[in-house]
Amino acid sequence: MQLREGTPADTAACVALFTASVHQLAASHYTLQQRHAWAPLQANMAFWQSHLSGLNLLLAEDARGLLGFIGYANDGHIDMLFCAPDAARSGIASALYAEAEISLVAFGVTYLYTEASLLAQPFFQRQGFHSLEPEKVQRGDISLLRYRMEKHLY
Ligand SMILES: CC(C)(COP(=O)(O)OP(=O)(O)OC[C@H]1O[C@@H](n2cnc3c(N)ncnc32)[C@H](O)[C@@H]1OP(=O)(O)O)[C@@H](O)C(=O)NCCC(=O)NCCS
């Protein structure tokens, strides 16, 4: 597996992985309706282009293609972290997170935060985050539960 910085040309592959990841991996914690509200099958590509261009984007790949990606901001916000369904529990997200944390530390960040899905909560706990209050996200008339989580580096 290799890590590399993402570019706008990677947007379509990231959206495809995100959609597959939500619909397959998150099926254990969110209903079909919730998954469609979170990851509509007709993605808003203009939104994605704009959103990813405002983040540091790091991709994990091997000969099969894209295995996962992380999007993070220089204020310590871990905005997105997804792995491909057939690569789950093989350390992809851990490798991406570790590299992002190294680069944020180099940037001078000492506080990291995220909004973790119910599925991602144990992952972030494993990375040293702790959970704050649960949040309800409203997508149309569907609501989804997630947890604000944070990690102090020093
Ligand atoms: C959460 C997610 C990014 C984890 O990716 P991953 O590459 O499978 O994670 P890793 O293999 O690096 O896992 C590292 C550790 O985190 C914990 N962990 C990861 N996924 C877990 C799960 N589903 N349940 C419990 N613990 C989990 C485990 O401690 C794991 O170590 P182990 O496999 O040795 O037990 C992935 O499941 C995903 O993309 N989920 C769907 C979308 C999502 O919820 N994304 C996050 C949005 S906030």
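First listed ligand is number 1; within each ligand, the first listed atom is number 1. Nothing here was measured: the structure is a model prediction, and the numbers come from that model.
- In this structure, Thr110 and His152 have side chains that are not in contact, with every pair of non-hydrogen atoms separated by 4.5 Å or more.
- Heavy atoms of Trp38 found under 4.0 angstrom from ligand 1 belong exclusively to the side chain.
- Near Ser90, meaning under 4.0 Å from any of its heavy atoms, are these atoms of ligand 1: 11 (O).
- Among Arg35, Gln24, Gln121, Arg89, the residue whose heavy atom sits closest to atom 35 (O) of ligand 1 is Arg89.
- Scanning the protein for heavy atoms near atom 30 (C) of ligand 1, the closest one is Arg126 NH1, 3.5 Å.
- Proximity annotation for atom 17 (C) of ligand 1: of Phe124, Phe123, Phe18, Phe123 comes nearest, heavy atoms only.
- Atom 41 (C) of ligand 1 has Ser21 OG, 3.2 Å as its closest protein atom, hydrogens excluded (heavy atom only).
- Under a cut-off of 6.0 angstrom, the local environment of CD in Gln138 is crowded, with over 12 non-hydrogen atoms contributed by other residues, nucleotides or ligands.
- Taking the side chain as every heavy atom from C-beta outward, Ile78 and Met149 never approach each other to under 4.5 Å.
- Within the structure, ligand 1 has Glu115 among the residues with a heavy atom less than 4.0 angstrom away.
- Ligand 1 has no nitrogen or oxygen under 3.5 angstrom from a nitrogen or oxygen of Ala87.
- Heavy-atom contacts from other residues, nucleotides or ligands closer than 6.0 Å to OH of Tyr111 number more than 12.
- Residue Leu25 touches ligand 1 through its side chain alone, judged by heavy-atom distances below 4.0 Å.
- Among all protein heavy atoms, the one lying closest to atom 45 (N) of ligand 1 is Leu81 O, 3.0 Å.
- Near Ala116, the atoms of ligand 1 lying under 4.0 angstrom from a non-hydrogen atom of the residue are 48 (S).
- Ligand 1 lies out of reach of Gly68, whose nearest heavy atom is not under 4.0 Å from it.
- With a 4.0 Å cut-off on non-hydrogen atoms, Ala26 does not touch ligand 1 at all.
- Of the inter-residue distances, the one linking Phe82 atom CZ with Leu119 atom CG reads 9.5 Å to the nearest 0.5 angstrom.
- Between Ser94 and ligand 1, an N or O atom pair is found at a separation short of 3.5 Å.
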Show, in sequence, the C-alpha distance, side-chain angles and deciding distance for Lys151 and Glu101, and conclude whether the side-chain contact (heavy atoms from CB on, under 4.5 Å) test is met.
CA-CA 11 Å; Lys151 176 177 178 177; Glu101 187 179 294; 2.8 Å; yes
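- Leu67 and Leu25 sit in two unconnected hydrophobic clusters of ILVMFWY residues. Membership requires side-chain heavy atoms under 4.5 Å apart, directly or through other members.
- Two residues are said to be in side-chain contact when any heavy atoms from C-beta on lie closer than 4.5 Å; Val137 and Arg139 meet this criterion.
- Within the 4.5 Å cutoff, the side chain of Phe129 has heavy atoms near those of the Tyr97 side chain.
- Other residues, nucleotides and ligands contribute only 12 or fewer heavy atoms inside 6.0 Å of the CD atom of Gln33.
- Ser103 and Tyr72 form a side-chain donor-acceptor contact under 3.5 Å, judged by distance and modelled atom types alone.
- Looking at atom 44 (O) of ligand 1, its nearest protein heavy atom turns out to be Ser117 OG, 2.6 Å.
- Nearest protein neighbour of atom 11 (O) of ligand 1, counting heavy atoms only, is Gly91 N, 2.8 Å.
- The shortest distance between side-chain heavy atoms of Leu66 and Cys14 falls below 4.5 Å.
- Nearest protein heavy-atom contact of atom 26 (N) of ligand 1 is Pro122 CB, 3.5 Å.
- At the shortest separation from atom 40 (N) of ligand 1 among protein heavy atoms lies Leu119 CD2, 3.2 Å.
- Residue contacts with ligand 1 for Ser28 are absent, since no atom lies close enough (heavy atoms, distance under 4.0 Å).
- On a distance-only criterion, Ala93 and ligand 1 share at least one N/O pair closer than 3.5 Å.
- Distance from atom 36 (C) of ligand 1 to its nearest protein heavy atom, with residue and atom name: Cys83 SG, 3.7 Å.
- Leu104 approaches Asn74 most closely through the heavy-atom pair CD2-CA, 4.0 Å.
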